[in-house]
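Note sheet for the following structure.
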Amino acid sequence: MLEQNIFAGFGGQGALLMGQLLAMASMIEGKEVSWLPSYGPEMRGGTANCSVVISDEPVASPLVTNANSIVVLNRPSLTKFESHVIPGGNLFINSSVIPEKSERNDINVYYVPMTEVAYELGNVKVSNMVMLGAFVEATQCVKMESIVEALRHKLGEKKAKLIPMNEEALNRGAQIVKDQK
Amino acid sequence: MAKEFMKGCEAIAEAAIQAGCHYFFGYPITPQTEVPEYMAAKLPKIGGCFLQAESEVAAINMVYGAAGAGARVMTSSSSPGVSLKLEGISYLAGAELPAVIVNMMRGGPGLGSIQASQGDYFQTTKGGGHGDYHVIALAPSTVQEAIDLMQDAFDLADMYRTPTMLLADGTIGQMMEPVEFKPREKRTDLPAKDWATTGWGPNSNRPRAVVNSLYIETEELQEMNDRLQARYRMIEEKETRVELYNVEDAEVILCAYGTVARICKSAVALAAKQGVKVGLVRPITIWPFPKKAVHDTIAQDSVKTVITIEISAGQMVEDVRLAVNGEKEVQFFGKPGSYCPTAEEICEKIMEMRRA
């Protein structure tokens with residue numbers, strides 16, 4: 001098993017954190033993982049993306065060119081990465097800010113209005129968790145419980161009160177995929 | 001969780017603390033600033049000292065001072081910052097002081113870029129600073145290995161009274177991987193630091209300790225140099241490390257270190273799918289360079305093609321060629337700056353450069 005994934009968007013949209021949680025969840029399930037950010041000098045804004053490799057074997061190359069699944073949170077990322085999904089792979093599009101449809105017909109495309117859903121939940125900050133929920137439901141590469149455990153680890157005790165809202169966001173994202181399948 | 005999911009820079013800092021390093025002097029620079037950041041948060045809590053110096057030059061001289069007093073001490077920087085530290089590193093070597101320096105290489109020359117590079121191989125292995133000295137240089141290719149080598153680095157520095165460098169790159173520094181901090185036995189064979197300047201008074205029952213690298217008399221300087229060279233020969237003999245991966249009966253041998261070496265492992269798998277047997281020689285110590293292992297691997301009858309791959313214009317390839325000594329042709333693939341080849345590109349190059 002070798003799953004290569006890319007999460008891409010503007011800085012601040014939560015692409016890097018989504019990748020981290022996926023990698024941590026996979027590690028919790030006993031997989032070998034790597035998380036590699038494309039890093040720039042800026043603190044916010046600019047483009048941010050990360051590559052996550054999940055494998056049964058120790059990860060050799062952490063670089064990902066062509067991916068099983070790619071998440072794009074903004075329009076420039078769609079332009080840049082759409083062609084890098086392998087045939088039969090998955091493309092997740094943040095339809096809250098990307099009006100275009102994918103031109104690929106050899107892959108599974110999911111449209112996730114992550115910002116609207118997060119607003120409905122009362123906190124726009126969980127929008128990336130909506131997308132991650134959709135990702136996990138569609139790819140089934142880790143259990144949702146593992147994502148929540150990773151989140152619990154990441155947030156620590158002080159911020160544990162935020163878990164229920166994040167969990168709800170994950171579930172809403174999963175539901176969107178179930179409805180689109 | 002038995003394993004932790006950590007960023008390379010933070011893992012390196014934690015490894016140093018666990019190796020007993022309680023003193024850190026440095027100056028921020030991408031892509032290694034998380035090392036000082038981690039140290040700044042942790043060291044004051046355990047009675048250590050973190051100090052952000054006014055410059056890299058100041059930082060390395062603070063390292064000189066702490067090392068002279070017998071402390072386990074380190075600094076960390078990235079390429080342009082390490083250039084500034086070179087004078088201090090030469091002084092550390094001349095004064096025979098143990099210290100650990102991390103270089104998280106980024107693209108150069110000049111301020112270059114902040115992305116990963118391997119352009120500092122010459123600087124690290126061929127001196128960098130002035131005079132006939134070497135540093136032991138350890139080149140990890142995973143975050144876990146960075147932890148293990150970081151802990152070894154302090155022991156090696158103490159054992160041989162020499163500055164020791166961890167030569168990684170921006171990718172190792174910025175990526176996150178699952179890691180484990182295995183409990184380590186404290187080495188009992190390290191020499192006592194009886195040369196350290198720990199304070200002296202008329203009632204001290206030892207001579208005054210002097211830390212110095214100035215020897216005005218030719219004979220005295222010669223003696224110091226002879227001592228260093230004898231130590232370097234001993235390091236070459238005892239501390240050379242290399243990983244041989246899939247090399248038996250290989251038709252193609254790749255030579256690479258650090259991040260590029262792990263990407264080569266993916267290329268080895270891709271080439272195998274096309275029916276080509278490729279192996280990898282990965283120096284773990286780039287100084288001392290694993291000459292014999294490199295030579296013997298490449299000298300195998302099965303080996304028809306040898307390619308050294310680096311994110312540079314071709315630096316380590318010179319050592320590979322010296323080791324092979326003309327017995328076989330050694331080709332090079334790589335670009336200077338910050339361009340890191342993918343496994344697919346390396347595989348394509350293998351097919352292109354392969355001898356029929």
Side-chain angles (χ1 to χ4, degrees), chain A residues 1-7 16-43 46-67 84 86 142 146-147 149-156, chain B residues 1-9 28-34 104 106 111 113-116 141-145 169-180 245-246 256 258-270 280 282 311 338-348:
Chain A
M1 179 252 199
L2 177 70
E3 288 277 333
Q4 297 177 301
N5 310 283
I6 294 172
F7 296 84
L16 300 191
L17 179 63
M18 290 166 70
Q20 275 184 23
L21 291 174
L22 175 66
M24 281 174 84
S26 306
M27 179 186 88
I28 289 166
E29 293 186 3
K31 296 285 198 299
E32 300 283 350
V33 296
S34 71
W35 175 90
L36 177 68
S38 72
Y39 56 93
E42 60 277 339
M43 294 284 282
T47 57
N49 67 73
C50 64
S51 305
V52 177
V53 180
I54 307 169
S55 173
D56 291 325
E57 308 289 323
V59 177
S61 174
L63 307 180
V64 177
T65 317
N66 297 313
H84 291 276
I86 61 169
V142 284
S146 306
I147 295 281
E149 198 182 327
L151 200 54
R152 196 165 281 135
H153 188 81
K154 184 87 188 169
L155 289 175
Chain B
M1 253 185 279
K3 281 191 173 181
E4 290 178 65
F5 189 56
M6 272 182 109
K7 198 175 224 195
C9 283
I29 180 171
T30 306
Q32 63 79 52
T33 298
E34 293 89 339
M104 211 65 81
R106 60 187 248 179
L111 268 181
S113 75
I114 59 173
Q115 310 301 328
S141 78
T142 65
V143 177
Q144 180 66 55
E145 191 179 35
D169 58 61
T171 299
I172 297 288
Q174 294 299 314
M175 73 185 294
M176 294 179 86
E177 288 190 290
V179 295
E180 226 177 328
Y245 178 79
N246 208 39
T259 295
V260 178
R262 63 186 289 166
I263 298 170
C264 283
K265 287 185 181 176
S266 290
V268 167
L270 289 176
L280 167 72
R282 179 175 75 89
I311 313 176
S338 279
Y339 186 79
C340 186
T342 62
E344 290 80 5
E345 281 172 283
I346 293 172
C347 184
E348 218 169 273

* Begin from the C-alpha positions of A/V59 and B/R262 and carry the test side chain to side chain contact (heavy atoms under 4.5 Å, CB included) through to its verdict. => CA-CA 8 Å; A/V59 177; B/R262 63 186 289 166; 4.1 Å; yes
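- With a 4.5 angstrom heavy-atom cutoff, B/C264 does not touch chain A via any of its atoms.
- Residues A/Q20 and B/F5 come closest through the heavy atom pair O-CE2, 3.8 Å.
- Heavy-atom neighbours of A/L155 CG from other residues, nucleotides or ligands within 6.0 Å: above the threshold of 12.
- Here the CH2-CD distance, from A/W35 to B/Q174, works out to 7.5 Å after rounding to the nearest 0.5 Å.
- Heavy atoms closer than 4.5 Å to chain A are found in both the backbone and the side chain of B/Q115.
- A pairwise comparison of heavy atoms in B/C340 and A/L63 identifies SG-CD1, 3.9 Å as the closest pair.
- Taking CD of B/E4 as the start and CE of A/M27 as the end, the distance is 8.0 Å to the nearest 0.5 Å.
- Put simply, the side chain of A/S61 never gets that close to the backbone of B/A343: no donor and acceptor are under 3.5 Å apart.
- Heavy atoms of A/L36 lying under 4.5 Å from chain B belong to its backbone as well as its side chain.
- Comparing B/V268, B/T171, B/V143 by heavy-atom pairs within less than 4.5 Å of chain A, the highest count is held by B/T171.
- Contacts between A/T65 and chain B at a heavy-atom distance below 4.5 Å involve the side chain alone, from C-beta outward.
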